[in-house]
> 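I'd like to ask you about the structure that follows.
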Amino acid sequence: MKSDKIKFGPQNAPHRALYHALGFTDEEIKRPMVGIVSSYNEIVPGHMNIDKIVEAVKIGVAMAGGNPVVFPAIAVCDGIAMGHTGMKYSLVTRDLIADSTEAMALAHGFDALVMVPNCDKNVPGLLMAAARLNIPTVFVSGGPMLAGHVDGHKTSFSSISEAVGEFNAGKIDLEKLHEYECKTCPTCGSCSGMYTANSMNCLTEALGMGLRGNGTIPAVYSRRIELAKHAGMKVMELIERNIRPRDIMTEAAFMNALTVDMALGCSTNSMLHLPAIAHECGIEINLDIANSISSKTPNLCHLAPAGRTYVEELDEAGGVWAIMNELSKKNLLNLDCMTVTGATVGENIKNAYNLDPEVIRPIENPFSETGGIAVLRGNLAPEGCVVKRSAVSPKMLKYEGKARVYDCEEDAQAAINAGDIKPGDVVVIRYEGPKGGPGMREMLNPTSAIMGMGLGESVALITDGRFSGATRGACVGHISPEAASGGPIGIVKEGDIISIDIPGNKIELKISEEEYNSRMAAFVPKTKELSGYLKRYAALVSSGAKGAILN
């Protein structure tokens with residue numbers, strides 16, 4: 001055991017003295033030391049129940065003969081951080097989480113880890129740490145929130161965001177807005193649609209790092225407590241068999257995850273996080289790979305915000321493994337990949353059946369023959385950009401419009417609220433990328449305002465920032481290179497025509513080559529005065545096309 005080096009022998013008596021200060025018995029000290037990374041806090045709804053998950057994991061570890069020891073990880077609620085300076089601190093926490101977990105695990109010589117994340121950057125940050133540390137690790141999340149109910153319809157976080165747009169457009173009054181406010185998020189858990197948190201928890205299953213139900217069992221179900229106990233027991237089996245994260249997170253496993261991503265219609269943020277996790281494994285995932293997989297992977301699910309079903313219904317329909325079973329019918333997955341169950345993907349999913357063909361479409365009858373995410377390229381995004389194709393109206397899949405240019409989210413939001421955005425416009429929000437923001441803020445407020453005001457089938461939005469998984473519509477993010485790095489989004493002028501062709505994977509600024517070259521030659525990116533962590537982050541972060549990893 002890794003911890004044996006610091007636990008046994010006369011020379012390690014000082015270490016044992018400190019273990020006794022913790023109340024450890026001699027019997028506990030002799031057991032494998034299993035770190036449980038708890039993301040519990042009292043500000044994130046997806047994390048307020050994690051203390052109960054952690055207690056269940058501890059029981060599972062102890063039942064299987066391990067010594068469970070809890071230490072913390074931070075987490076930001078993207079919803080609460082949305083629309084103000086706080087959102088600059090969302091993506092950047094992914095690296096803080098990975099770094100701090102690495103430091104705690106190595107400083108204290110843990111033999112294995114059980115990661116207990118839930119919300120957006122917490123999951124990829126801990127997956128990055130797992131890859132770096134490469135000691136036996138199992139993931140068990142806090143679980144998704146149940147959907148809310150308003151006027152007999154299920155709701156999720158995107159519902160309240162769009163209700164604000166409806167209020168600003170005079171479509172609902174304050175009383176109805178308050179009703180949405182009180183009923184949209186009815187339980188603890190990660191917000192109930194296929195947003196970033198649920199996307200990444202589902203993809204953790206697809207990667208092989210989580211047990212069945214990790215991404216879909218609702219937070220308030222007792223089954224999640226059972227899952228947590230099994231995760232604690234399972235990590236002890238991984239120790240015995242010496243199965244490690246990089247044995248599981250292979251290149252083939254990432255291809256499986258991307259395939260499930262396309263079938264499930266995950267958040268566009270997965271195209272930031274999967275490359276960053278793969279990078280920690282020594283594997284490169286570029287955006288071209290994503291398009292290649294998307295071109296042959298049918299989209300089988302339309303969960304909110306793309307449709308009217310929610311993660312609780314995905315769970316009832318058979319969950320992630322049922323989706324993978326459907327995909328295996330057309331040989332779209334590598335079934336030989338090892339997983340934290342101790343069995344292969346093929347062994348796991350062989351009896352995982354699709355129980356609701358309305359929630360998970362059979363592979364013979366998909367929502368579309370291509371995946372839920374598309375990567376576009378063109379003179380406006382030479383390194384690529386990303387759109388959640390499954391959440392775009394068919395009317396907007398091919399679109400040309402007039403540029404309305406804003407150098408920050410706040411200015412764009414003010415214009416939308418004032419009624420300045422009209423049908424036929426393309427809202428351009430720049431200097432919001434990883435370096436320029438810094439922190440690559442999500443643009444849920446402006447996109448929701450556009451949808452709520454009834455402009456979702458007549459207005460597009462593009463940005464070098466990113467979108468919440470709750471975003472729907474013709475919203476193109478991660479435009480790379482970003483404006484702050486000299487990217488062409490920085491040369492767009494008010495009134496320029498922008499062409500978006502999602503089926504053709506193209507995005508173009510419709511000006512002559514001579515004009516384009518002239519503008520680029522004269523372009524000097526704007527800069528911002530920064531301090532503290534954001535200053536260090538901006539100096540180190542790479543392009544969104546590369547996963548916004550730190551160089």
Side-chain angles (χ1 to χ4, degrees), residues 78-79 82-84 87 148 150-151 153-185 191 193 195 268 302 304-308 387-430 432 441-463 465-477 492 494-495 497-498 500 502:
D78 278 23
M82 196 75 65
H84 60 96
M87 183 46 70
V150 175
D151 297 333
H153 299 290
K154 286 187 174 182
T155 60
S156 60
F157 188 69
S158 54
S159 306
I160 180 62
S161 299
E162 292 181 17
V164 174
E166 293 179 38
F167 172 76
N168 289 335
K171 296 181 178 183
I172 61 173
D173 59 17
L174 270 176
E175 184 177 359
K176 178 57 71 174
L177 181 62
H178 186 253
E179 183 182 358
Y180 272 98
E181 177 184 328
C182 294
K183 294 181 177 179
T184 291
C185 298
C191 295
Y195 309 148
T268 50
H302 268 189
R308 295 185 177 274
V387 62
K388 188 169 183 174
R389 171 167 41 196
S390 59
V392 178
S393 164
K395 296 179 182 178
M396 296 294 288
L397 290 172
K398 289 188 176 183
Y399 179 79
E400 282 196 4
K402 182 176 64 175
R404 305 298 309 278
V405 183
Y406 305 95
D407 286 346
C408 65
E409 177 189 2
E410 289 83 355
D411 290 350
Q413 186 69 49
I416 295 166
N417 292 346
D420 293 343
I421 303 303
K422 308 295 183 185
D425 287 345
V426 178
V427 178
V428 178
I429 306 178
R430 60 194 181 192
E432 291 286 8
R441 287 196 288 180
E442 291 183 343
M443 304 290 157
L444 178 60
N445 285 352
T447 59
S448 295
I450 287 169
M451 297 302 296
M453 297 173 79
L455 298 172
E457 294 189 344
S458 59
V459 169
L461 188 150
I462 69 170
T463 180
R466 61 194 178 93
F467 298 116
S468 163
T471 291
R472 63 189 178 103
C475 301
V476 182
V492 179
E494 190 82 7
I497 301 300
I498 292 173
I500 300 169
I502 296 173

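Predicted model, so just to flag it, every value in this text is computed and none were measured.
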> Between atom CD of Glu162 and atom CD1 of Ile172, what is the distance when rounded to the nearest 0.5 Å?
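That separation rounds to 11.0 Å.
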
> Heavy atoms, side chains only, cut-off 4.5 Å: are Asp407 and Arg430 in contact?
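In short, these two side chains touch, coming nearer than 4.5 Å.
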
> Which pair of heavy atoms, one from Tyr406 and one from Ala415, lies closest together, and at what distance?
OH-CB, 3.3 Å

> Would you say that more than 12 heavy atoms from the other residues, nucleotides or ligands in this model lie under 6.0 Å from the NZ of Lys402, or not?
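12 or below, so no.
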
> Walk me through it: do Val492 and Ile462 pass the test side-chain contact (heavy atoms from CB on, under 4.5 Å)?
CA-CA 11 Å; Val492 179; Ile462 69 170; 5.8 Å; no

> For the atom pair OG (Ser161) and CD (Glu166), what is the distance rounded to the nearest 0.5 Å?
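Going from OG on Ser161 over to CD on Glu166, the span is 11.0 Å.
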
> So Met443 and Phe467, do their side chains get closer than 4.5 Å, heavy atoms only?
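Yes - at least one pair of side-chain heavy atoms lies under 4.5 Å apart.
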
> Please name the pair of heavy atoms, one in Ser156 and one in Gly193, separated by the smallest distance, quoted to 0.1 Å.
CB-N, 4.2 Å

> Any idea which heavy atoms bring Tyr399 and Ser458 closest together, and the distance?
OH-O, 2.8 Å

> Run the side-chain contact (heavy atoms from CB on, under 4.5 Å) test against Glu179 and tell me which residues pass, sequence neighbours left out.
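Per chain and number, Glu179 pairs via side-chain contact (heavy atoms from CB on, under 4.5 Å) with Val150, Asp151, Lys176, Lys183.
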
> Are Leu174 and Phe167 close enough that some pair of their side-chain heavy atoms sits under 4.5 Å apart?
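Yes; the side chains approach each other to less than 4.5 Å.
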
> Does CD belonging to Glu494 count more than 12 external heavy atoms closer than 6.0 Å?
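Count over threshold, so yes.
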
> So which heavy atom on Ala449 is nearest to which on Gln413, and how close?
CB-NE2, 3.7 Å

> So, Glu457 side chain and Met396 main chain: donor-acceptor pair closer than 3.5 Å or not?
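Answer holds: no.
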
> Hey, what do you get for CD1 (Ile416) to CG (Asp411), rounding to the nearest 0.5 Å?
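The CD1 atom of Ile416 sits 11.0 Å away from the CG atom of Asp411.
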
> What distance separates Asn168 CG from Asn417 CG, expressed to the nearest 0.5 Å?
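It is 5.0 Å, given to the nearest 0.5 Å.
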
> Nearest heavy-atom pair of Leu461 and Pro446: which atoms, and what distance?
CD1-CB, 4.1 Å

> Tell me the closest heavy-atom pair linking Thr463 and Glu432, and the distance in Å.
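Residues Thr463 and Glu432, closest heavy atoms: OG1-CB, 4.3 Å.
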
> Step by step, work out the salt bridge (Lys or Arg N to Asp or Glu O under 4.0 Å) result for Glu410 and Arg441.
CA-CA 11 Å; Glu410 289 83 355; Arg441 287 196 288 180; 2.9 Å; yes

> Look only at the side chain of Arg472 and the backbone of Gly307, and say whether a donor-acceptor pair between them is shorter than 3.5 Å.
no

> If you apply the rule side-chain contact (heavy atoms from CB on, under 4.5 Å), what do you find for Met87 with Arg466, and how did you get there?
CA-CA 11 Å; Met87 183 46 70; Arg466 61 194 178 93; 3.9 Å; yes

> For Glu175 and His178: C-alpha separation, side-chain torsions, deciding distance, then whether side-chain contact (heavy atoms from CB on, under 4.5 Å) applies.
CA-CA 5 Å; Glu175 184 177 359; His178 186 253; 5.8 Å; no

> Before giving the answer on side-chain hydrogen bond (donor to acceptor under 3.5 Å, both in side chains), spell out for Thr471 and Tyr195 the whole-Å C-alpha distance, their side-chain angles and the decisive distance to 0.1 Å.
CA-CA 8 Å; Thr471 291; Tyr195 309 148; over 6 Å; no

> Does Ser448 reach the main-chain N or O of Asn445 with its side chain, forming a donor-acceptor pair under 3.5 Å?
no

> What's the separation between atom OG1 in Thr184 and atom CZ in Phe157, rounded to the nearest 0.5 Å?
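So the gap between those two atoms works out to 9.0 Å.
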
> Does the Ser468 side chain pair with the main chain of Leu444, one donor and one acceptor, at a distance under 3.5 Å?
no

> Measuring from Lys388:NZ to Ile502:CD1, what's the distance to the nearest 0.5 Å?
13.0 Å

> Between Ile160 and Leu177, is a side-chain contact (heavy atoms from CB on, under 4.5 Å) present by the stated rule, with each step listed?
CA-CA 8 Å; Ile160 180 62; Leu177 181 62; 4.0 Å; yes

> Using a 3.5 Å cut-off and no angle test, enumerate the donor-acceptor pairs between side-chain atoms of residues 419-428 and protein atoms at least two apart in sequence or in another chain.
| unit_1 | atom_1 | unit_2 | atom_2 | d |
| --- | --- | --- | --- | --- |
| Lys422 | NZ | Gly419 | O | 2.8 |
| Asp425 | OD2 | Arg404 | NH1 | 3.3 |
| Asp425 | OD2 | Lys422 | N | 2.8 |

